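Below is one structure; the comments refer to it alone.
Just so you know, residue 1 is the first one in the sequence shown, and it goes up from there. Just so it is clear, the structure is predicted and the values come from calculations on it, not from any experiment. Values reported hereafter were calculated over all heavy atoms of this structure, with side chains retained and with hydrogens, waters and symmetry mates removed.
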Amino acid sequence: MLRNNDAAGLLKMFIRELPSPLFTVEYLPAFITLVEKISKIKLQLQALHLLIMLLPEANRDTAKAFLQFLKKVVANEGKNKMNLWNVSMIVAPNLFIYKGKRANQQEMQAAATTAHIVRLLIRYQDILWTVPSFLISQVRKMNEAAMNNSKRQLMFDKGVRKLLRRKTMERERPERLESDIPEGVIRVYAPLHSKVSMAIQLNSQTKAKDILARFHCESSHGSSQNIRGQIQSLHEIGGNIGQHCLDPDAYMLDVYRENPQAEWVIKPKAS
């Protein structure tokens with residue numbers, strides 16, 4: 001007949017003789033360090049929670065079944081005389097000293113620490129098997145930050161592409177103008193006239209009214225009486241401004257030098 005002590009001894013030997021420790025060789029030092037380095041119970045539990053989540057699935061399932069059994073043992077303290085303290089002191093060495101590894105003096109001194117870990121695992125085991133709320137909150141914040149960064153990066157990329165397109169257009173436009181129109185020559189557009197455009201060489205004395213007079217002279221024979229009766233003006237459009245109606249006495253060479261990329265259009269003067 002198997003006695004209680006024999007059953008307990010068999011269970012301890014099973015845990016101790018596992019090919020690798022229940023809490024794994026990789027994480028065993030972390031279990032001990034977290035208690036030695038962290039003083040607050042709440043932070044110790046959070047660290048234990050994370051370590052349990054890191055265990056391989058088989059180890060975690062076995063640990064869950066083992067801790068649930070130990071909780072039942074403690075719950076029957078009145079019959080078996082095994083309280084939480086006694087159980088932790090008996091079980092701890094078998095969990096933290098495994099097959100093929102003898103306990104040294106330092107590990108023996110750590111017995112109190114490992115017993116404390118076992119007490120925490122038994123008492124608070126119900127919170128160990130789910131993803132901790134503080135971790136969910138942290139992951140949510142990280143996801144939100146990543147989404148915000150993605151939106152900012154998308155806006156930045158759009159801005160960069162727009163800027164590159166504008167720079168490309170600005171870089172290409174002067175090359176076309178230089179190849180099509182010599183320096184100091186402007187092309188004037190007059191959509192309402194029979195002669196819709198004209199290239200005019202500027203000099204230091206050329207004024208806006210001179211261009212208007214020449215344009216009217218060149219195209220007057222083909223213009224209607226309605227166009228000839230309109231008051232028209234020369235407009236500077238684009239380049240480094242939006243649109244500007246030039247004063248008739250403006251010196252065109254100076255205007256041209258300030259805004260060589262502008263277009264020049266003759267149209268009715270706004271009333």
Side-chain angles (χ1 to χ4, degrees), residues 1-140:
M1 181 177 179
L2 187 65
R3 296 177 300 176
N4 293 342
N5 291 341
D6 295 333
L10 183 62
L11 178 60
K12 289 188 294 181
M13 184 177 66
F14 171 78
I15 296 297
R16 187 171 60 251
E17 296 294 320
L18 287 172
S20 62
L22 186 61
F23 294 143
T24 74
V25 175
E26 181 181 5
Y27 297 124
L28 271 182
F31 276 91
I32 297 174
T33 301
L34 75 87
V35 174
E36 293 177 343
K37 301 297 184 181
I38 301 175
S39 58
K40 294 184 178 180
I41 293 294
K42 181 179 180 180
L43 297 180
Q44 290 179 354
L45 287 173
Q46 288 181 346
L48 276 176
H49 200 165
L50 292 177
L51 285 172
I52 291 295
M53 297 298 295
L54 290 173
L55 293 178
E57 185 175 355
N59 294 60
R60 190 167 58 251
D61 290 344
T62 303
K64 181 179 181 180
F66 184 52
L67 291 174
Q68 287 175 341
F69 169 73
L70 295 180
K71 186 176 181 179
K72 291 180 180 179
V73 172
V74 173
N76 288 277
E77 175 187 353
K79 297 179 180 179
N80 56 35
K81 309 301 180 182
M82 296 295 294
N83 58 26
L84 181 61
W85 183 272
N86 293 336
V87 171
S88 66
M89 292 298 295
I90 293 173
V91 170
N94 301 279
L95 285 173
F96 292 95
I97 301 174
Y98 55 95
K99 181 180 180 180
K101 186 174 185 298
R102 294 184 179 181
N104 56 32
Q105 186 65 27
Q106 185 178 2
E107 289 170 336
M108 295 300 293
Q109 292 174 353
T113 298
T114 56
H116 176 67
I117 295 172
V118 173
R119 284 195 293 274
L120 292 178
L121 290 172
I122 296 173
R123 178 176 294 175
Y124 301 102
Q125 62 179 278
D126 292 340
I127 68 173
L128 300 177
W129 318 117
T130 58
V131 179
S133 58
F134 70 87
L135 185 59
I136 294 176
S137 176
Q138 186 66 25
V139 171
R140 184 178 292 114

remark   = OG1 (Thr62) and CG (Leu67) are apart, to the nearest 0.5 Å, by 10.5 Å
ask   = Is Tyr124 close to Leu48 at the side-chain level, that is, under 4.5 Å between some pair of heavy atoms?
value = no
message = With a 4.5 Å cut-off on side-chain heavy atoms, are Tyr27 and Asn59 touching?
response = no
query = Considering all heavy atoms of both residues, which atom of Ile38 and which atom of Leu43 are nearest to each other, and what is their separation?
reply = CG2-CB, 3.5 Å
Close side-chain approach of Gln68 to Gln125, heavy-atom, < 4.5 Å = yes
key: Distance in Å, Lys81 NZ paired with Asn86 CG, rounded so as to fall on 0.5 Å steps   = 11.5 Å
request  = Decide if atom CD of Glu36 counts as having more than 12 heavy atoms of other residues, nucleotides or ligands within a radius under 6.0 Å.
outcome  = yes
Residue pair Leu121 / Leu128: nearest heavy atoms and the distance that separates them = CD2-CD1, 3.7 Å
4.5 Å side-chain heavy-atom contact, Leu34 and Gln44 = yes
Close side-chain approach of Ile90 to Met82, heavy-atom, < 4.5 Å = yes
remark   = Closest non-hydrogen contact found for Lys71 with Asp126 is NZ-OD2, 3.2 Å
request  = Could you tell me how the ring of Phe31 sits relative to the ring of Phe96: parallel (under 30°), tilted (30 to 60°) or perpendicular (over 60°)?
outcome  = perpendicular
note = For Ala63 and Trp129 the tightest heavy-atom approach is C-CH2, 4.0 Å
For Leu95, the option from Thr114, Leu28, Ile117, Ile15 that meets side-chain contact (heavy atoms from CB on, under 4.5 Å) = Ile15
query = Which value, rounded to the nearest 0.5 Å, describes the distance between His49 atom NE2 and Gln46 atom CD?
reply = 9.5 Å
task = Nearest 0.5 Å please: distance from the CG atom of Leu55 over to the CD atom of Glu26.
result = 9.5 Å
request  = Taking all heavy atoms of Ala112 and all of Arg119, pick out the closest pair and write down the distance.
outcome  = O-NH2, 4.5 Å
task = Count the heavy atoms belonging to other residues, nucleotides or ligands that lie under 6.0 Å from CH2 of Trp85, then report whether that count exceeds 12.
result = no
query = Between Glu17 and Met13, is any pair of side-chain heavy atoms under 4.5 Å apart?
reply = yes
message = For a 4.5 angstrom cut-off between non-hydrogen side-chain atoms, does Ile41 reach His116?
response = yes
remark   = For Ser88 and Ala115 the tightest heavy-atom approach is CB-O, 3.4 Å
